Protein chains: 2
Amino acid sequence: MGSDVSISKKISESAIRRLSLYLRNLENLEKGGRETVSSEEMSGQSGTTAAQVRKDLSLFGSFGKRGLGYPVSELAERIRGILGLDRRWRLALIGVGRIGSALVEYGGFGRRGYDIVAIFDSDESKVGGTRGGLTVRHVDDFEVVAEEENVQIVILSIPLEAVPSVMDRVRGAGVRGILSFAPTKLKVPDGVVVKDVNMVMELEALSFALSQREGEA
Amino acid sequence: MGSDVSISKKISESAIRRLSLYLRNLENLEKGGRETVSSEEMSGQSGTTAAQVRKDLSLFGSFGKRGLGYPVSELAERIRGILGLDRRWRLALIGVGRIGSALVEYGGFGRRGYDIVAIFDSDESKVGGTRGGLTVRHVDDFEVVAEEENVQIVILSIPLEAVPSVMDRVRGAGVRGILSFAPTKLKVPDGVVVKDVNMVMELEALSFALSQREGEA
DNA sequence: AGGTGTGAACACTTTCACAGCA
DNA sequence: TGCTGTGAAAGTGTTCACACCT
């Protein structure tokens, strides 16, 4: 039955991350005018194996042609569909510190379907200022504005001590997705999805690996 | 010779990430003056299970006391040792754009043992300027300076198109660890460890999860 | 009693290897 | 022939359950 749409299997986190990587590589190939690509070549660009690429793609359907490979543009389009990038998302950013400001001013999110529609801070001296063309609002107004602006995803770039109070507001607003830069495991109700970006954790994984290596040979 | 040092078992990436999280939670407990903590409580703060916590810790030794739990300060100290945080690391940052500047100016790395000792860019108009008290050097000087300054880890906050030329220099300098914000899989020689921080990938994993949910119920 | 440390069972992910289609 | 799609095998990571120590 052509139930192409709703996926019943459980898709792993890592498979999704790889899809995201494949997509970026496909988009580069597309720019170069390439028509088809093999799982072998895709694996080289993604640091994985050809079998892994085929398995990942086969979770969502049969996109390739045997003997030929995958059609570049079509596959890219399919992956965009899978990742929910065939639509636009409305984001709010809370915490206009160094990282928060850098993110708003970066402006590259829009190109990938993510529109930052409102930004917030609790610091009165920042409220009313602008970043990347948006006016900083007070975080006390978050629930109202989030509703008005139909915010679906929140980017949290706030320090540890701000987490409890800010999270009360975020939960109150019924936001379903959070991209968190806060250095802690957020507590959220069922149904809310959190992804963490944690530089310190990555650095620590790095120093662990380097320390290990020193011990050897 | 307590064979405490070199670990023979294979330690998973995820176990290390959890250790990093445990450490942060332990340091918070320490501030609150807590003496001991159970795997049960640690699991609550880390979003995992008590068994997982015990397994993770047991990979490196027996730090707890049956019937009592783990001594907070001592365990924190042990984890710091495991993660290679009982020493200082010398970092260089390449790419003083928005993200790069935010990272240097953040200044919080020093507190955790990571000293940024030099910063680089290829943009002549930025070279000679300062960020967080450091003078921006030209990336052409990277190899020389990295040697002089004994750089062990590089933070790469550069755009895609700069990757090939910058990576030539980084490889040439014999750096062993890279924390990359570049939106691609870096190609490095054996023995060089790379950790990626990729916000777009996390956002895409988020929109995938949210899209899935919409299909349901 | 209370809570760790850990082998054994289970669950999930990746790799292999090959049938089958263009 | 060339390369996909996929069951089956191998490998990894997580959970269970309980012996054992304080």
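Predicted model, so just to flag it, every value in this text is computed and none were measured. We name chains A, B, ... by the order of the sequence lines, and we start the count at 1 in each one.
Of the possible donor and acceptor atoms, none in the side chain of A:S46 sits under 3.5 Å from a partner among the backbone N and O of A:T48. For B:S157 (side chain) and B:F181 (main-chain N/O), no donor-acceptor pair under 3.5 Å exists by modelled atom type. For B:S180 (side chain) and B:L156 (main-chain N/O), no donor-acceptor pair under 3.5 Å exists by modelled atom type. Between the side chain of A:R131 and the main chain of A:A102, no donor-acceptor pair closer than 3.5 Å is present. With B:S101 contributing its side chain and B:V96 its backbone, the two residues share a donor-acceptor pair below 3.5 Å.
Nearest-nucleotide assignment on DNA chain C puts the 5′-proximal partner with A:D56, out of A:L68 and A:D56. DNA chain C is contacted by both A:R54 and A:E13; A:E13 maps to the nucleotide lying nearer its 5′ end (nearest heavy atom per residue).
In this structure, a donor-acceptor pair under 3.5 Å is present between the side chains of B:S20 and B:R24. Using modelled atom types and a 3.5 Å distance limit, the side chains of B:N198 and B:E202 yield no donor-acceptor pair.
On the nucleic acid side, DNA chain C has its first and last nucleotide under 4.0 Å of a heavy atom of chain B at C:dG2 to C:dA8, going 5' to 3'. Between chain A and DNA chain D, the heavy-atom contact criterion of under 4.0 Å yields a 5' to 3' nucleotide range of D:dG2 to D:dA8.
Counting non-hydrogen atoms under 4.0 angstrom, A:T48 reaches nothing in the nucleic acid.
In the displayed structure, B:R111 atom CZ is contacted under 6.0 Å by at most 12 heavy atoms of other residues, nucleotides or ligands.
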